[in-house]
Amino acid sequence: MSTAVSSSTMDREGGHTGFVFKNPLTGLRWKRLEEPLGFIKLLEWLFAVFAFGTCGSFVGETAAVVMCKVSETQTDTDLISVPFGYPFRLYRQRYEMPVCGDTESRILHLSGDFSAPAEFFVTLSVFAFLYSMFALVIYLVFHERYTQIRRVPIVDFCVTGVFTFLWLVAASAWGKGLMDVKLATHPSSILSSMPVCQLENAECSAGVTPYYGLANISVLFGFLNFFIWAANAWFVFKETAWSKQATTKEDSAERGEAEDLQ
């Protein structure tokens with residue numbers, strides 16, 4: 001009896017409190033991922049990561065070879081290599097034109113600035129990643145409130161519609177920008193910008209052609225994100241009051257026609 005009294009006294013005084021750690025992940029209802037809306041939100045989150053990862057981490061290199069005939073028996077060979085990458089401000093990439101004959105060494109730059117479509121694409125990917133993660137957590141934890149509060153699906157639908165439109169714009173703009181980057185970084189562009197290649201005793205040829213596999217995949221992920229967000233907009237719309245009101249009106253009309261026929 002004394003032991004029970006002492007233990008209860010210690011609990012009231014705060015000596016031994018029954019503190020239980022609650023894992024925040026236990027509130028997530030993972031089975032919601034098996035539903036179309038939950039699964040698509042997960043795809044949005046993953047493909048947003050793939051989009052800004054493939055575009056933001058791209059690094060390429062273009063090169064040209066200049067062979068200068070110094071004498072009948074001597075030929076100098078210079079390899080000009082120019083690295084470039086995201087955010088594709090090519091005018092900052094410099095390279096040195098070699099000396100040949102009477103020409104002097106000169107510092108040249110690649111031409112073009114394609115940072116606007118690239119940065120817009122990556123920025124949209126980051127915001128899409130953050131919002132899809134937020135929306136997915138809300139959907140998994142507060143699914144009842146998501147369906148009961150009328151404003152939540154409507155807000156989700158409006159934001160999803162905006163992201164769908166922006167993905168189409170970003171993917172199209174970055175696709176066009178990538179085409180311009182390919183033209184500006186082709187070895188032939190370097191050869192045409194060097195006066196030394198116009199000399200009779202110089203022979204210029206293309207060196208390394210940049211490999212754009214990762215950049216091409218980023219454009220593909222951009223359009224895939226557009227289709228995924230468009231599909232998500234449809235499923236979110238089905239959760240809004242607008243869709244439910246339309247369904248109720250259709251059911252009422254069908255019931256009225258059935259009663260008239262009877």
Counting C-beta onward and ignoring hydrogens, is there a side-chain heavy-atom pair between [X] and [Y] closer than 4.5 Å?
{"X": "L224", "Y": "L220", "value": "yes"}
{"X": "M194", "Y": "Y95", "value": "yes"}
{"X": "F127", "Y": "F163", "value": "yes"}
{"X": "D78", "Y": "C68", "value": "no"}
{"X": "T209", "Y": "T62", "value": "no"}
{"X": "I138", "Y": "M133", "value": "no"}
{"X": "T160", "Y": "F237", "value": "no"}
{"X": "Y212", "Y": "F58", "value": "yes"}

Classify the side-chain pair N225/E44 by whether it contains a donor and acceptor separated by less than 3.5 Å. no

Would you say the side-chain atoms of S218 and Y86 include a donor-acceptor pair closer than 3.5 Å? no

Carefully, step by step, assess F84 and V181 under the rule side-chain contact (heavy atoms from CB on, under 4.5 Å). CA-CA 10 Å; F84 64 94; V181 170; 4.2 Å; yes

Quick check on the hydrophobic clustering: are [X] and [Y] connected, directly or via other members, by side-chain heavy-atom contacts under 4.5 Å?
{"X": "L46", "Y": "V219", "answer": "yes"}
{"X": "F134", "Y": "V137", "answer": "yes"}
{"X": "L130", "Y": "W167", "answer": "yes"}
{"X": "F165", "Y": "L124", "answer": "yes"}
{"X": "M179", "Y": "L110", "answer": "no"}

How about CD on Q74, more than 12 heavy atoms from neighbouring residues, nucleotides or ligands closer than 6.0 Å, or not? yes

Write down the atom of [X], the atom of [Y], and the distance for their closest heavy-atom approach.
{"X": "G222", "Y": "F121", "value": "CA-CE1, 3.7 Å"}
{"X": "Q93", "Y": "V82", "value": "CB-CG1, 3.9 Å"}
{"X": "I80", "Y": "P98", "value": "CD1-CD, 3.5 Å"}
{"X": "I190", "Y": "A64", "value": "CG2-CB, 4.2 Å"}
{"X": "V99", "Y": "S105", "value": "CG2-N, 3.4 Å"}
{"X": "A206", "Y": "L191", "value": "N-CD1, 4.0 Å"}

Heavy-atom donor-acceptor pair, S132 side chain to A128 backbone, under 3.5 Å: yes

For the side chain of S172 and the backbone of V169, is there at least one donor-acceptor N/O pair under 3.5 Å apart? no

Apply side chain to side chain donor-acceptor pair (under 3.5 Å) to the pair Y91 and S115, showing each step before the final yes or no. CA-CA 11 Å; Y91 66 93; S115 60; over 6 Å; no

W45 and ring pair (Phe, Tyr, Trp, His ring centres under 6.0 Å): which single residue from F50, F39, F129, F52 fits? F129

Any chance you could measure [X], atom [atom1], to [Y], atom [atom2], to the nearest 0.5 Å?
{"X": "C55", "Y": "N216", "atom1": "SG", "atom2": "CG", "answer": "11.5 Å"}
{"X": "L136", "Y": "L140", "atom1": "CG", "atom2": "CG", "answer": "4.5 Å"}
{"X": "I107", "Y": "R94", "atom1": "CD1", "atom2": "CZ", "answer": "4.5 Å"}
{"X": "F114", "Y": "L90", "atom1": "CZ", "atom2": "CG", "answer": "5.5 Å"}
{"X": "F47", "Y": "L42", "atom1": "CZ", "atom2": "CG", "answer": "10.0 Å"}
{"X": "F235", "Y": "F157", "atom1": "CZ", "atom2": "CZ", "answer": "13.5 Å"}

Evaluation steps, ring pair (Phe, Tyr, Trp, His ring centres under 6.0 Å), between F88 and W174: CA-CA 11 Å; F88 303 99; W174 172 227; 5.2 Å; yes

Chi angles and distances behind the side-chain contact (heavy atoms from CB on, under 4.5 Å) call for T123, V126: CA-CA 5 Å; T123 302; V126 173; 5.8 Å; no

Candidate list V162, T164, L43, test side-chain contact (heavy atoms from CB on, under 4.5 Å), partner W229, passing option: T164

Among E104, M97, R106, which residue satisfies the side-chain contact (heavy atoms from CB on, under 4.5 Å) criterion with V196? M97

Using the test salt bridge (Lys or Arg N to Asp or Glu O under 4.0 Å), find all partners of D76 that sit at least two apart in sequence or belong to another chain. none

I'd like to know if D156 pairs up with R151 as an ion pair, taking the criterion as any Lys NZ or Arg NE/NH1/NH2 lying under 4.0 Å from an Asp or Glu carboxylate oxygen. no

Evaluate the side-chain contact (heavy atoms from CB on, under 4.5 Å) criterion for residues N201 and C100: first the C-alpha distance (whole Å), next the side-chain angles of each, then the deciding distance (0.1 Å), finally the verdict. CA-CA 8 Å; N201 60 334; C100 184; 3.8 Å; yes

